[in-house]
Amino acid sequence: MSYKVEIKKNKDGFFEMHPSEAAVIVKYRVEAVVVRADGTEIARGRKGATKLMHFTNLADATDLKRVAREAISRCTYLDPSRIDELEQILAALRTRQKLAKPSRPGTAMRPATGSSANRRPKVDAKISDLPQYRSLLYNTIEDKIAGSEMILQLVQSKVHVAQIARSDPVINALARLLFEDESRNLDLKINICRIFACMAQLSLAPALFTKNRIGGSLLQEVDLELQRYQTWKDGLVQRQHEPAELESFRKKFIHFLRKQDQFLAVALKILLLIGRDLATQTKMVKKGVVAVLARCCERSNPEVQILGLRFLLRLSLFVENLERFAQAGVVEKVARAVDQQRSREVGEYGLRLLYNLSLCPTIRQGMLKKSFTKRILPLLEDSKYCELTARLLYSMSQDSRGLRAAPDLGATCARLLARNSESHTGSGEYLLALTTNLVNHPGLAEDFAGAVKMDEVMATSLATSDAALLRIVNLVTKNVPDAKWMSEQNLSTIVKAFKTEATTEFTMECTIGLAVALEKDHCSAADVSRFCKLQTELTAKSVQARTPAELLALAYFIGALASTDKGADLLTAASMTDWLCRKLGEPDGQQEELSLQIGYALMKLTQYEPARLRIMDYPGITKVLSTNTQRASDVSRSLFEELLRHLSLVSEDIHEAWKSERFQQYNGQWLQAIATRHGNGADNIYATDDFNDDEMDLITKFGLEEIGLDLSDDLEDDDDDVEDMIERYSARTHSRLDFRS
């Protein structure tokens, strides 16, 4: 069959100024889709791409806005709304081109000042002059900058980089300058970092960097630069009341900030590369890299923020590092970076990091105390961050406080689901999982129901066979009395899905949806019977149900159907009473949730005399029910005891059989207690009359009183109404999404 490949480019391209050339780096995503001739999609793939946009002759008279507009019109994958941002980058390029013009000719190897290293004309470096360049690293600061630039030219060539990396004298000189340079000249440090960045991709780089302690030196330099940045900021604040000095100081600060961002970007790239080694990463964590990276997230440069977030994201995968994250206040710093949204990548990496941190209970509690849920809620309605924000909120919703902290969360999720349904885009799995957690709480379920039309949401879930969305509808219907999805079309569609032979998650949710509607009196057994032969379908479903989830859904439906005489009549005719008793005695029926639903259904069926007689006639019913009274759960034990007690009122045979079963159970426990005492060395258990209180209680319960067990007094005094029993032990809908992050 013929097919074609469609190439789509992401319009949310991210661009930045090239560190050395008169160009703009454009980063974007390319998506390739393989489709058949009829338009059916076969495969899909994504890949990051980078392109350079060169700009020359940006004179003072050049209209930068026009240039930016023309550049964006040629690059269709750039967002036209970001024309102002591109114009600012072009202005910075023009300023850098002015500074790059030489102050006077013939000063290539010795610039006039150390802070203006880019003002000399470019001189081609030669590998044969490497010793000469190395010797410059021991002279004045101007010579050091010139020598480092020549070496940088050489390592940018794949031909020479390995040779220079193996030159110990050159590497030693560069490492010494990075570690011991007292001038703190940013031009020199940027050159040295770029040299090491070119070497970082070599196979010998890990051993080379470890030997010369490059990682430790870089981490120390980054920390010192961040301290210098804080000193400059404090100086700017101090000069707010001195207008004469303020403007001059601000210009110097901006120039310093631009240089420092270049250094931090290159340094963080090297740290990110060498941090791939776990042993090196562990050393960096011990030296405080988490706190340093957290401070980098507060920078205004998106590239520095992204590199810091990427490194923190990698470190957050190790549980032993999470304590340091809490101590460094990473959550608050990253949250501020996400709030500013200087670039899409900052928001994405920030939300991923916050999600990882929210999996730690201690950090999650700290986030909830600061109303973090309410803070990030606006990002949920941003299409760029919706799924990542939903994932973070889903993690925080595991704590009930995370749900109560944002009152508008339920309504927001409802609007998003409705918007996605209208646009036919589909909702992400995390948004559906988050909404499922929300509607499990009655208050938030009411907010959800008030923001949408339940019949329309139900119609969408049925039309798209969306099990997760249908689960949300079922939970809202159960928790909100006024929430109704019932319409003739919806009922017809859901019954049609209920009749399907193939058992899927969607068909199970359809079964539960019908059960909830029956339980809430939104429809009746007669209404369901108009669209199918309910007795036949029940018989078929009882044969098809195999897995615990299928059995649970069917048992819940039977319990809801047994609420009326019409439903109980159908169940009895379909031999569902025998099926319930049989499943309760099988291994599958011993699961806690399933046994509760079966017990609840049997309790309701005992109100209907034909069904009650079928239950009492089931072989071994007393033993089956008595076995379930030995469960660890108080709810299960009490439910089956009351069910047995109720059956004993109307059946002497069950009454006598239950007496016998209880005696055997208590006698077995008594013998086990004796064996336990023998095992503990108490061989002379009968040789003394000195029983303690616990032993007397044990004998009274298991040994003496129950031998002549008589339940007649209890049965005569037991005037509990069966309706009260059903209300007390009514099982809930077990439809919670089993979602693993």
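Worth saying up front: this structure is predicted, and the values here are computed from it rather than measured.
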Gap between atom SG of Cys523 and atom CE of Met486 - 0.5 Å precision: 4.0 Å

Below 4.5 Å, heavy atoms only, C-beta onward: do Leu602 and Cys581 meet side chain to side chain? yes

Starting at CD of Glu509, measure out to CZ of Phe506 and round the result to the nearest 0.5 Å. 9.5 Å

Assess whether side-chain contact (heavy atoms from CB on, under 4.5 Å) is satisfied between Leu462 and Gln489, documenting all intermediate values. CA-CA 10 Å; Leu462 293 174; Gln489 181 62 36; over 6 Å; no

Does atom CZ (Arg299) have a neighbourhood of more than 12 heavy atoms from anything else shown, all under 6.0 Å? yes

Is the terminal nitrogen or CZ of Lys541 (NZ for Lys, CZ for Arg) located under 6.0 angstrom from the six-membered ring centre of Phe498 and within 45° of that ring's axis? yes

Do the non-hydrogen side-chain atoms of Arg310 and Glu345 ever get within less than 4.5 Å of each other? no

Does Asn474 reach the main-chain N or O of Val516 with its side chain, forming a donor-acceptor pair under 3.5 Å? no

Have Asn490 and Thr493 got a donor and an acceptor in their side chains that come within less than 3.5 Å? no

Of all residues at least two apart in sequence or in a different chain, which pass the side-chain hydrogen bond (donor to acceptor under 3.5 Å, both in side chains) check with Asn356? Ser316

Gap separating the CE atom of Met603 from the CD atom of Glu642, nearest 0.5 angstrom: 6.0 Å

Is there a donor-acceptor pair under 3.5 Å between the side chain of Ser638 and the backbone N or O of Val635? no

Looking at every heavy atom in both Ala525 and Leu534, which two are closest together, and how far apart are they? O-CD2, 4.4 Å

Heavy-atom pair of closest approach, residues Trp485 and Ala517: CZ2-CB, 3.8 Å

Which pair of non-hydrogen atoms, one from Leu312 and one from Val330, has the smallest distance, and what is that distance? CD1-CG1, 4.3 Å

Going by the side chain to side chain donor-acceptor pair (under 3.5 Å) test, name the single residue among Thr373, Asn437, Thr436, Thr435 that passes it with Ser397. Asn437

Any side-chain donor-acceptor pair under 3.5 Å between Tyr349 and Gln305? no

Can you name the closest pair of heavy atoms from His522 and Pro481 and give their distance? NE2-O, 4.1 Å

Find out whether Leu514 and Leu491 are in side-chain contact, i.e. whether some heavy atom of one side chain is under 4.5 Å from a heavy atom of the other. yes

Tyr430 backbone acceptor or donor facing Glu387 side chain under 3.5 Å: yes

Asn321 side chain to Leu315 main-chain N or O, any donor-acceptor pair under 3.5 Å? yes

Would you confirm whether Thr511, through its side chain, and Thr507, through its main-chain N or O, come within 3.5 Å as a donor-acceptor pair? yes

With the side chain counted from C-beta on, respond yes when Ser524 and Thr564 share a heavy-atom pair under 4.5 Å apart, and no when they do not. no

Say whether, by atom type as modelled, one donor and one acceptor occur between the side chain of Glu550 and the main chain of Arg546 under 3.5 angstrom. yes

Compare all side-chain heavy atoms of Val452 with those of Leu417 and state whether any distance is below 4.5 angstrom. no

Heavy-atom check, side chain of Phe325 versus side chain of Val334, under 4.5 Å: no

Quick one: does Arg336's side chain get under 4.5 Å of Glu298's, heavy atoms only? yes

Smallest heavy-atom separation, Leu388 atom then Arg352 atom, equals CD2-CG, 3.9 Å

Using every non-hydrogen atom in the two residues, find where Leu518 and Ala560 come nearest and quote the distance to one decimal. CB-CB, 4.1 Å

Does the side chain of Leu596 reach to within under 4.5 Å of the side chain of Tyr600, using non-hydrogen atoms? no

Could you walk me through whether Leu416 and Leu380 satisfy the side-chain contact (heavy atoms from CB on, under 4.5 Å) test, starting with their C-alpha distance in whole Å, then the side-chain angles of each, then the deciding distance to 0.1 Å, before giving a yes or no? CA-CA 9 Å; Leu416 288 173; Leu380 190 61; 3.4 Å; yes

Does the Ser461 side chain pair with the main chain of Met458, one donor and one acceptor, at a distance under 3.5 Å? yes

Is a side-chain donor or acceptor of Lys520 paired with a backbone partner of Lys484 at a separation under 3.5 angstrom? no

